[in-house]
Amino acid sequence: MFESSLDSDTMPGMYPQTRLRRLRSEAWSRDLVRENLLTPKDLIWPIFINDGYSDEDIPSMPGVKRLCLDSLVSSVSRAKKLGIPVVALFPATPSKLKTPDGEESFNPDNLMCRAVKAIKQEVSDIGVLGDVALDPYTDHGHDGVIRDGDVANDETIEVLIRQALNQAEAGFDIIAPSDMMDGRVGEIRQALDESGFTRVQIMAYSAKYASGFYGPFRDAVGSSGSLGKKGKHTYQMDPANGNEALREVELDIAEGADSVMVKPGLAYLDIVYRVKETFKMPTFVYQVSGEYAMIKAAAQNGWLDEKRCMLESLIAFKRAGADGVLTYYAPMAAESL
Ligand code: PBG
C-alpha cells in the first residue's frame, strides 16, 4: 500500500536500495558529507578581569578565572595564536566603586578602559568587545538606574551612551549592549556616529532572556549578592516567548545593529534558528556561564566526556544557524579543533 503510492521517478528510493548508513560507514565518508563545521573563527572568548595583581578563581566556574591585566594580555595573545577573532571583556568592579547609578561605567580610567588599552598596546589584529550595561557598576546589581522601584529605561540609556562612548574612546572595536532597554541601540549608534566612531560596531544582545543560567556570571562579576532574588524580569525576556524575540531583533536591526545575539544558548536553539531564517543577519549566540558550569560539573564528576559534550553543544549552535558563539570554552575548543 505505502510502497505503491511512491512514484519511483520523483521520490527518493526506499530501503533496501536506500541505506543512510552507507554514507556513515567510514570516517572519510562522514568527513565528506558533514553539513556544518566549527572552526576557531566561530568563537568569541568572554574573559573576566579584576583590578588586582593576581588571578582569582570563580568557584561556580571551575577553570575560569578573573584575570589581572598582565594575565589578560597574555591570554589575548594566546587567543590570537589559536585563531580566535574576538575576545569580550567583563569587569569585576571593586565594591567601593559601585554606586546606585553606576558612574564608574563612564570613568575614562576604569578597569575596562585600562584593559583594552593594555591589549591594544601588545596584541594587534584581534577584536575586543565591550559589554555595555550597568550591572557590574551598580550597588544593586541591576543593568540600569532605579527610579520608582524599577529600572528606568530612558534615564538608563543616557548612562549607557556615556559608557559606550567611554569604551569606544578607549579602543573597543565592538560595543555590545546587554541591558535590554528599549531603544538603546539607536541612541548608542547615533552617539557613536556623532562622536566620529563610525567604524565601531554594535553587536546587540537582542533576544536576551531572564535566565537562571546567568547565576555563575553574577558570582564572577560580583553582582549577585546585591541583586538578591529580585531578578531582571521587567527588562529581560520571558523564557516562554518566541515571537517576541523576533520583534526585539527586528527593532535592533532597524536601529542600526551590525549583528544580533540570542542568549542563553542551548535552551534557545529554536530562537537562534528563527532569527537566522527570518533576518539573515550575522547572528551570534551566547553559551552562558550556567551552561559552561553544567558541562564542567558533570565532567568533574566523571559523568560526561567534557571535550565531546562541549564540541557537540558548539556544533549545535552552528547547525541552528549561528555565525559564531560566545563561550568560556573558546580556548579549549580552539585547541581541540
Ligand atoms: C550583564 C550580562 C550578563 C551576562 C552577560 N552580560 C548577566 C545578566 O544579565 O545578569 C551573562 C553571561 C553569562 O551568564 O555567562 N548585563
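Position 1 is the first residue of the sequence, and the numbers go up from there. Start at 1 and go down the list; that is how both ligands and their atoms are numbered.
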> With a 4.0 Å cut-off on N to O distance, would you call Arg184 and Asp252 a salt bridge?
yes
> For ligand 1, which atoms have a heavy atom of Asp135 less than 4.0 angstrom away?
1 (C), 2 (C), 16 (N)
> May I ask you to check if ligand 1 and Asp179 share an N or O to N or O distance below 3.5 Å?
no
> I need the atoms of ligand 1 closer than 4.0 Å to a non-hydrogen atom of Arg218, numbered in the order shown.
8 (C), 10 (O)
> Against heavy atoms of Tyr286, which atoms of ligand 1 measure under 4.0 Å?
12 (C), 15 (O)
> Hey, which atoms in ligand 1 end up nearer than 4.0 Å to a heavy atom of Tyr328?
12 (C), 13 (C), 15 (O)
> With a 4.0 Å cut-off on heavy atoms, is Gln236 in contact with ligand 1?
yes
> So does Arg189 pair up with Asp193, basic N to acidic O under 4.0 Å?
yes
> Within 45° of the axis and under 6.0 Å from the centre of the six-membered ring of Tyr214, does NZ or CZ of Lys263 qualify?
yes
> Show the atoms of ligand 1 that are less than 4.0 angstrom away from any heavy atom in Lys232.
8 (C), 9 (O), 10 (O)
> Step through it carefully: locate the ring centre of Phe217, locate the ring centre of Phe48, and say whether they are under 6.0 Å apart.
yes
> In ligand 1, which numbered atoms sit nearer than 4.0 Å to a non-hydrogen atom of Asp131?
6 (N)
> Between Arg147 and Asp101, is there a salt bridge with N-O shorter than 4.0 Å?
yes
> Kindly give the heavy-atom pair with the smallest separation between Arg78 and Pro331, and that separation in Å.
NH2-CB, 3.6 Å
> Among Tyr292, Tyr209, Phe213, Phe217, whose heavy atom sits nearest atom 12 (C) of ligand 1?
Phe217
> For the pair Asp173 and Lys120, find out whether any cationic side-chain nitrogen is under 4.0 Å from an anionic carboxylate oxygen.
yes
> For ligand 1, which atoms sit closer than 4.0 Å to a heavy atom of Lys263?
2 (C), 3 (C), 4 (C), 5 (C), 6 (N), 11 (C), 12 (C)
> Using every non-hydrogen atom in the two residues, find where Ala164 and Leu192 come nearest and quote the distance to one decimal.
O-CD2, 4.3 Å
> Measure the distances from the heavy atoms of Glu291 to every atom of ligand 1 and state whether one is below 4.0 angstrom.
no
> With backbone taken as N, CA, C and O and side chain as the heavy atoms from C-beta onward, which portion of Ala133 lies under 4.0 Å from ligand 1: side chain, backbone, both, or neither?
side chain
